[in-house]
Structure formats: structure tokens, C-alpha cells
Amino acid sequence: MRNSPNPATILVVDDEESIRLLLQEELGDLGYRVLLAADAHEALERLRVEIPDLITIDIKMPGMDGIDLLRHIRLTHRHLPIVLWTAYGEYKHDFATWASDAYVTKSADLTELTDAIAGLLAERRGSPG
């Protein structure tokens, strides 16, 4: 992914600024272009302007939660890869989360998240993952 002439764009949706900035730095270091949204409404506004290659969404956010945001996005962007990235593992068995392409529980080690992102983007581009 490093030094790619057309880096994949990832929209990070999380209400915690520290998490948004962490992902912006980490994913940017991997060569991705990163867009940020502090809540579901800001994410929907961003989607009206630009469609990213992938979205990461936190579940627990004030106002519209990540599961409702996932539903809204699926109505208009059915094939857009979405990773639910949350501190709450119990949502993994919630039927509503199955519309996501990956479900990753937050941890200090971002390997599971970055591997899921790389795999989904490789699938989308039709290259080996």
C-alpha cells in the first residue's frame, strides 16, 4: 500500500477525537488517505460529497449510533466495505451488525483492524488479499 499512486480513501467515524486522530496517523502511515467524521450525521454529510473506498464505524456514538448509520449507508451504498470497530464485543452476535463486512473489537494493537481493512480493499480491487 505504501507509495501507491492512488491511495485508498478510508472514512473513520468515531465520536472520540483521540481514536480518530490515532487512526488518521496509523492508517496514513500505511499509505491510506483518511477522512474523519465525529458522528453519524457528519459521516452522512461527507458521503454526499465523496464516496470513500471503505468506512470504519464505531457503534456507541451519541445521536445516531453506528448500527443505524450502517443501515443508512447500506440503503444507498450497498457494496461499500464497512468495518464496525467497537469496544463492545457483545454486538458481534447482534443480527443488525451482520450487514457490515467485518467486526473488530478495539484494542491497543491495531493489527486486526488494519488486516481487515487491507483484506476488504484487496477484495474490492480484485487483487489477492
field: Least distance between heavy atoms, Leu11 atom then Pro52 atom
entry: CB-CG, 3.8 Å

- prompt: Quick one: are Met64 and Leu44 in side-chain contact, heavy atoms under 4.5 Å?
  reply: yes

message: I'd like to check the side-chain contact (heavy atoms from CB on, under 4.5 Å) partners of Glu25; sequence neighbours left out, ordered by chain and number.
response: Asp29

Flag side-chain contact, heavy atom, 4.5 Å: Asp101 against Leu54: no

task: Output all residues satisfying side-chain hydrogen bond (donor to acceptor under 3.5 Å, both in side chains) with Glu26, sequence neighbours left out; order by chain, then residue number.
output: none

message: According to salt bridge (charged side-chain N to carboxylate O under 4.0 Å, His left out), who are the partners of Asp115, at least two apart in sequence or on a separate chain?
response: none

query: Does the side chain of Ile55 come within less than 4.5 Å of Leu69's, by heavy atoms?
result: no

message: Does this structure show an ion pair linking Asp39 with Arg20, if we count only N-O contacts that are shorter than 4.0 Å?
response: no

field: Thr76 and Leu47, any side-chain heavy atoms less than 4.5 Å apart
entry: no

- prompt: With sequence neighbours left out, what residues match Thr111 under side-chain hydrogen bond (donor to acceptor under 3.5 Å, both in side chains)?
  reply: Asp109

Euclidean distance, Ile67 CD1 relative to Lys60 NZ, rounded to 0.5 Å: 9.5 Å

task: Return the minimal non-hydrogen interatomic distance between Gly66 and Ile57, and the atom names on each side.
output: CA-CG2, 3.5 Å

message: Run the side-chain hydrogen bond (donor to acceptor under 3.5 Å, both in side chains) test against Arg48 and tell me which residues pass, sequence neighbours left out.
response: Glu45

query: Taking the side chain as C-beta and beyond, is there a heavy-atom pair between Thr114 and Leu27 under 4.5 Å?
result: yes

query: Are any non-hydrogen side-chain atoms of Tyr103 and Ile59 less than 4.5 angstrom apart?
result: yes

field: Reference residue Leu23; test side chain to side chain contact (heavy atoms under 4.5 Å, CB included); the match among Val34, Leu36, Val12
entry: Val12

message: In the structure I gave you, are the side-chain heavy atoms of Ile117 and Trp85 within less than 4.5 Å of one another anywhere?
response: no

Under 3.5 Å: donor-acceptor pair, side chain of Arg74, backbone of Ser100: no

- prompt: Quick check: does any side chain N or O of Arg124 sit under 3.5 Å from a backbone N or O of Asp53, one acting as donor and the other as acceptor?
  reply: yes

message: When you compare the side chain of Asp14 with that of Lys106, does any pair of heavy atoms fall below 4.5 Å?
response: yes

message: Using the salt bridge (charged side-chain N to carboxylate O under 4.0 Å, His left out) criterion, which residues pair with Glu50? Sequence neighbours excluded.
response: Arg33

statement: Residues Leu121 and Ala8: closest non-hydrogen pair is CD1-CB, 3.7 Å

- request: Taking side-chain contact (heavy atoms from CB on, under 4.5 Å) as the test, write out the residues that go with Asp15, two or more places apart.
  value: Asp58, Met61, Pro62

